[in-house]
Visitor: 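This is the structure I want to talk about, given as structure tokens.
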2 protein chains.
Amino acid sequence: MHMGADCHHAEGAHPGLTGPVLADALVLAERRCAATQERLTTPRRRVLELLLEADGPMKAYDLIAAFGAHGEPAKPPTVYRALEFLERLGFAHRIESLNAYVPCRMDGQGHRAAFVICECCGAAEEFEPDFATQLAAAAPSGYAVRTVTLEARGLCPACQA
Amino acid sequence: MHMGADCHHAEGAHPGLTGPVLADALVLAERRCAATQERLTTPRRRVLELLLEADGPMKAYDLIAAFGAHGEPAKPPTVYRALEFLERLGFAHRIESLNAYVPCRMDGQGHRAAFVICECCGAAEEFEPDFATQLAAAAPSGYAVRTVTLEARGLCPACQA
DNA sequence: TCCGTTATGTTATCTCATAACGCATCATTA
DNA sequence: TAATGATGCGTTATGAGATAACATAACGGA
Ligand SMILES: [Zn+2]
Ligand SMILES: [Zn+2]
Ligand SMILES: [Zn+2]
Ligand SMILES: [Zn+2]
């Protein structure tokens with residue numbers, strides 16, 4: 001969670017997973033991979049685990065640093081390859097405006113993600129935007145829109161207090 | 001213009017400005033700065049000129065390389081500071097998903113920009129989205145949204161052919 | 001002219017991401 | 001089971017994007 005230096009509020013809506021809940025999430029990911037002939041290999045699984053454990057968006061080099069069980073970092077390509085895989089399968093998303101990554105909270109495969117990001121505490125919440133409206137608005141000159149990146153910024157409920 | 005390697009289409013909708021049109025745009029920028037006690041200094045003006053001359057989004061290090069009149073590049077902070085100023089005044093926008101910068105085409109100060117980006121030729125077109133609708137859609141959990149970044153990808157009219 | 005403020009020049013460093021190469025692993029099939 | 005092709009990993013090195021820190025210069029009001 002990359003919060004503003006002076007944020008005094010409680011953490012956001014997505015504390016990291018632990019214990020059986022985390023284990024269940026990883027088992028579910030295994031199953032979804034198995035169903036499509038994809039392989040949730042050790043580094044891929046480890047990066048997903050780190051994302052799920054985190055309280056908020058994780059930077060790539062935070063993942064690199066946290067990768068090894070006993071303090072040994074990973075090499076950058078290891079983590080970037082895993083992130084590419086996780087994004088491709090819809091297990092994770094990149095937040096462009098943060099250069100950071102989150103696990104998917106919507107658990108629909110291949111869906112389009114949008115985020116609201118709290119400028120105070122750094123929480124990022126995924127939501128499913130109204131794309132019909134947006135696509136209509138986003139074709140000003142005959143563009144055929146294929147994907148949309150939407151990242152809103154503001155204050156989460158806790159930080160409005 | 002950062003186009004796909006194999007794009008065979010005509011250039012996008014915004015060829016770079018040259019001659020009197022470019023000069024007029026810079027004079028207009030001077031006037032808008034004067035009206036608000038802001039200073040369009042030499043490096044700021046030069047970076048704006050480079051953005052206006054370009055056919056499409058410019059990377060920061062392209063601006064750095066092109067900065068000097070006789071081939072001498074600028075130092076990074078010179079260009080990044082100028083970009084910060086130009087963004088603050090609404091003369092330029094950063095496109096997060098490209099790590100690139102464009103001059104504002106809407107010439108409304110302080111407005112919120114959105115872009116459609118052609119995946120084939122690299123053209124980026126600015127438009128004014130329907131933010132009322134999006135803001136409503138973007139408040140899934142009581143977030144108070146302040147700004148929205150919207151970047152769509154697809155094919156421009158020329159590249160659909 | 002003095003002084004506070006704003007902007008620039010300069011050096012160094014930091015963060016983020018990928019290219020390239022060889023080896024390991026897995027699945028296929030002969 | 002051995003050969004084969006495809007996919008993924010480990011490793012080294014480098015490229016691309018951005019900023020910290022500090023000194024100097026230019027501006028603007030008192
Ligand atoms: Zn998702
Ligand atoms: Zn918050
Ligand atoms: Zn604009
Ligand atoms: Zn195009």
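Basis for what follows: all heavy atoms, side chains included, without hydrogens, waters or symmetry-related copies. All chains are named by letter (A, B, ...) in the order of the sequence lines, taking the proteins before the strands, and each is independently numbered beginning at 1.
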Visitor: Does the side chain of B:K59 get closer than 4.0 angstrom to OP1 or OP2 of D:dA16 through an N or O atom?
Guide: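 The answer is no; no side-chain N or O of B:K59 sits under 4.0 Å from OP1 or OP2.
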
Visitor: Where the side chain of B:N99 is defined as all heavy atoms beyond and including C-beta, which of D:dG17, C:dA17, C:dA20 is the nearest nucleotide?
Guide: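 Looking only at heavy atoms from C-beta outward on B:N99, the closest nucleotide is D:dG17.
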
Visitor: Ignoring hydrogens and geometry beyond distance, is the side chain of B:R39 in donor-acceptor contact with the base of D:dG28 at under 3.5 Å?
Guide: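 Absent.
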
Visitor: Of all the choices, D:dT19, D:dG17, C:dT8, which nucleotide is nearest to the side chain of B:P76 once you look at every atom?
Guide: D:dT19

Visitor: Pick the nucleotide of DNA chain C nearest each of B:Y61 and B:R44; which residue has the one closer to the 5' end?
Guide: B:R44

Visitor: For A:R94 and for B:A82, find the nucleotide of DNA chain C with the closest heavy atom, then tell me which residue's nucleotide is more 5'.
Guide: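 Result of the comparison: B:A82.
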
Visitor: Do B:R94 and B:E96 meet the salt-bridge criterion of a basic N to acidic O distance under 4.0 Å?
Guide: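 Counted as a salt bridge, because a side-chain N and a carboxylate O are separated by less than 4.0 Å.
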
Visitor: Round to the nearest Å and state the distance from A:L40 atom CG to C:dT25 atom C1'.
Guide: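 Distance, rounded to whole Å: 16 Å.
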
Visitor: Grab the CZ-C1' distance between B:R88 and C:dT6 for me, whole Å please.
Guide: 11 Å

Visitor: Rounded to whole angstrom units, what separation is found between the CD atom of A:Q37 and the C1' atom of C:dA27?
Guide: 11 Å

Visitor: Over how many whole Å does the gap from A:L89 atom CG to D:dG8 atom P extend?
Guide: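 These atoms are roughly 10 Å apart.
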
Visitor: Taking the side chain as C-beta and beyond, is there a heavy-atom pair between A:P57 and A:Y101 under 4.5 Å?
Guide: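 Side chain of A:P57 against side chain of A:Y101, heavy atoms only: no contact under 4.5 Å found.
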
Visitor: For the CD atom on A:E84, are there more than 12 heavy atoms of other groups (residues, nucleotides or ligands in this structure) within a distance under 6.0 Å?
Guide: no

Visitor: For a quick test of reading the model: is some side-chain N or O of B:T78 closer than 4.0 Å to OP1 or OP2 of C:dG9?
Guide: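 Yes, such a contact exists.
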
Visitor: OP1 or OP2 of C:dT8 versus the side-chain N and O atoms of B:T41: is any pair under 4.0 Å?
Guide: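 Yes.
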
Visitor: In whole angstroms, how far is the C1' atom of D:dC9 from the CZ atom of A:R81?
Guide: 6 Å

Visitor: For the side chain of A:Y80, starting at C-beta, report the closest nucleotide among C:dT18, D:dA21, D:dG17.
Guide: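 Among C:dT18, D:dA21, D:dG17, the one nearest the side chain of A:Y80 is C:dT18.
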
Visitor: Output yes when a side-chain donor or acceptor of B:R46 lies under 3.5 Å from a complementary backbone atom of B:F67, and no otherwise.
Guide: yes

Visitor: Please examine the side chains of A:F85 and A:C33, heavy atoms only from C-beta on, and report whether any two atoms are closer than 4.5 Å.
Guide: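 Sidechains of A:F85 and A:C33: in contact.
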
Visitor: Between atom CG in B:L98 and atom P in D:dA18, what is the gap in whole Å?
Guide: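 Distance check: B:L98 CG to D:dA18 P gives 11 Å.
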
Visitor: Which listed nucleotide (D:dT12, D:dC9, C:dT10) is nearest to the side chain of A:K75?
Guide: D:dT12

Visitor: What's the closest nucleotide to the side chain of A:P77 if the choices are C:dT18, D:dC9, D:dT19?
Guide: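 Nearest to the side-chain atoms of A:P77, counting from C-beta on, is C:dT18.
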
Visitor: I need the CG-C1' distance between B:L83 and D:dA18, as an integer number of Å.
Guide: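 Rounded to the whole Å, the gap is 11 Å.
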
Visitor: Would you kindly give the CD-to-C1' distance between A:E96 and D:dG17, to the nearest whole Å?
Guide: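 Rounded to whole Å, this separation is 14 Å.
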
